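Because the structure is a prediction, the values reported are computed rather than measured. All values below come from the heavy atoms of this structure, side chains included, with hydrogens, waters and symmetry mates left out.
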Amino acid sequence: MKSNEPRSSSSCAACKFLKRRCTTTCQFAPYFRSDEPKKFANVHKVFGASNVIKILNEVPQDQREDTVNSLVYEAEVRLRDPVYGCIGAIASLQRKMVELQHDLMVTKAHLAYYEAKPSSTTSNCSLLDYDPLNVNIINTPSFFADTSGGFLDSFSQNTFAMDQTGSNNEFGQFPFP
């Protein structure tokens, strides 16, 4: 954003937008070039010019470019989603992460099931013939049935808990996980 080349005689995007003369000491000029008017328009609409100047004055010189990039991003997201803004994007990504963790847990359970399942060439009887997700035990001798609430029960309770915490908060609203 910040250009090292000398400024031309044209005004920066901020001064053009604010309809004022751009001076050599303009605080906006290094960050809002004249060929990017929409960038400053969005930042001005959300934060206001005076607030942007206050923010830039509070930040050390070497961090101002990153600060302007952050303000531009936050303004664009706030204009796209006026209610949640950046928090909506973050919450959406967090929800996606919980869904992927759930998928990973289910895949690991499937893998554990298939690793533990005896192959048909070594044994003629199938000891456990069940779907790891639904835990439907078919043709299983009673001494193999998991009636104690062990691994299979805890697995199904954990997946239910993940579904409950992953999609809704205590108010049942999106996007807060």
Side-chain angles (χ1 to χ4, degrees), residues 1-112 132-133 151 153-177:
M1 257 193 198
K2 192 174 184 179
S3 63
N4 293 332
E5 59 194 44
R7 288 186 40 215
S8 65
S9 62
S10 71
S11 296
C12 68
C15 291
K16 281 183 180 179
F17 185 84
L18 298 171
K19 297 179 181 167
R20 65 182 188 189
R21 187 170 183 270
C22 190
T23 64
T24 57
T25 60
C26 179
Q27 290 181 307
F28 294 122
Y31 311 107
F32 298 103
R33 298 187 330 236
S34 62
D35 59 340
E36 298 173 326
K38 188 77 170 155
K39 187 186 304 184
F40 180 76
N42 289 342
V43 171
H44 181 266
K45 191 179 291 185
V46 174
F47 297 104
S50 63
N51 288 331
V52 173
I53 289 175
K54 288 177 189 175
I55 291 170
L56 289 177
N57 286 335
E58 290 179 11
V59 175
Q61 184 72 30
D62 62 328
Q63 295 178 356
R64 288 185 182 174
E65 188 172 351
D66 291 334
T67 302
V68 170
N69 288 336
S70 178
L71 290 173
V72 168
Y73 177 75
E74 288 182 39
E76 288 173 357
V77 173
R78 178 62 64 180
L79 291 173
R80 268 189 272 138
D81 185 1
V83 175
Y84 294 115
C86 288
I87 299 299
I90 291 168
S92 176
L93 290 172
Q94 285 177 337
R95 197 175 93 233
K96 182 67 175 172
M97 187 177 69
V98 168
E99 289 172 3
L100 290 173
Q101 287 173 339
H102 176 263
D103 291 346
L104 179 64
M105 188 173 67
V106 168
T107 303
K108 283 182 178 180
H110 277 277
L111 183 62
L133 295 178
F151 170 75
D153 259 46
S154 66
F155 173 75
S156 62
Q157 289 172 356
N158 287 341
T159 56
F160 179 75
M162 286 279 267
D163 287 343
Q164 293 302 314
T165 60
S167 59
N168 291 327
N169 65 359
E170 64 188 74
F171 303 108
Q173 297 172 338
F174 172 78
F176 304 105

Exercise for the section: Evaluate side chain to side chain contact (heavy atoms under 4.5 Å, CB included) for Gln94 paired with Val98, printing each intermediate quantity in order. Expected result: CA-CA 6 Å; Gln94 285 177 337; Val98 168; 5.8 Å; no
Handout entry: Stepwise side chain to side chain contact (heavy atoms under 4.5 Å, CB included) test for His102 and Glu99
Key = CA-CA 5 Å; His102 176 263; Glu99 289 172 3; 5.6 Å; no
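- Distance CG/Asn42 to CD/Glu36: 11.5 Å, rounded to 0.5 Å.
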For residues 70-82, please give each side-chain donor-acceptor pair under 3.5 Å, one per line with the distance, not counting sequence neighbours.
| unit_1 | atom_1 | unit_2 | atom_2 | d |
| --- | --- | --- | --- | --- |
| Ser70 | OG | Glu74 | OE2 | 3.1 |
| Arg78 | NH1 | Pro82 | O | 2.9 |
| Arg78 | NH1 | Val83 | O | 3.3 |
| Asp81 | OD1 | Tyr84 | N | 3.4 |

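- When Pro30, Ser34, Cys26 are each tested for a side-chain contact (heavy atoms from CB on, under 4.5 Å) with Cys12, only one passes: Cys26.
- Gln63 meets the side-chain hydrogen bond (donor to acceptor under 3.5 Å, both in side chains) test with no other residue; sequence neighbours excluded.
- For the ring-ring contact (aromatic ring centres under 6.0 Å, His included) condition, the pairs that include at least one residue of residues 44-67, sequence neighbours left out, are Phe17-His44, Phe40-His44.
- For Gln27 against Ile53, the heavy-atom pair with the smallest separation is OE1-CG2, 2.9 Å.
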Exercise for the section: Please lay out, stage by stage, how Val52 and Phe28 fare under the test side chain to side chain contact (heavy atoms under 4.5 Å, CB included). Expected result: CA-CA 9 Å; Val52 173; Phe28 294 122; 3.7 Å; yes
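- Between Glu58 and Lys54 there is no salt bridge, since no side-chain N of the basic residue sits under 4.0 Å from a carboxylate O of the acidic one.
- In this structure the side chain of Lys108 never reaches within 4.5 angstrom of the side chain of Met105, judged on heavy atoms.
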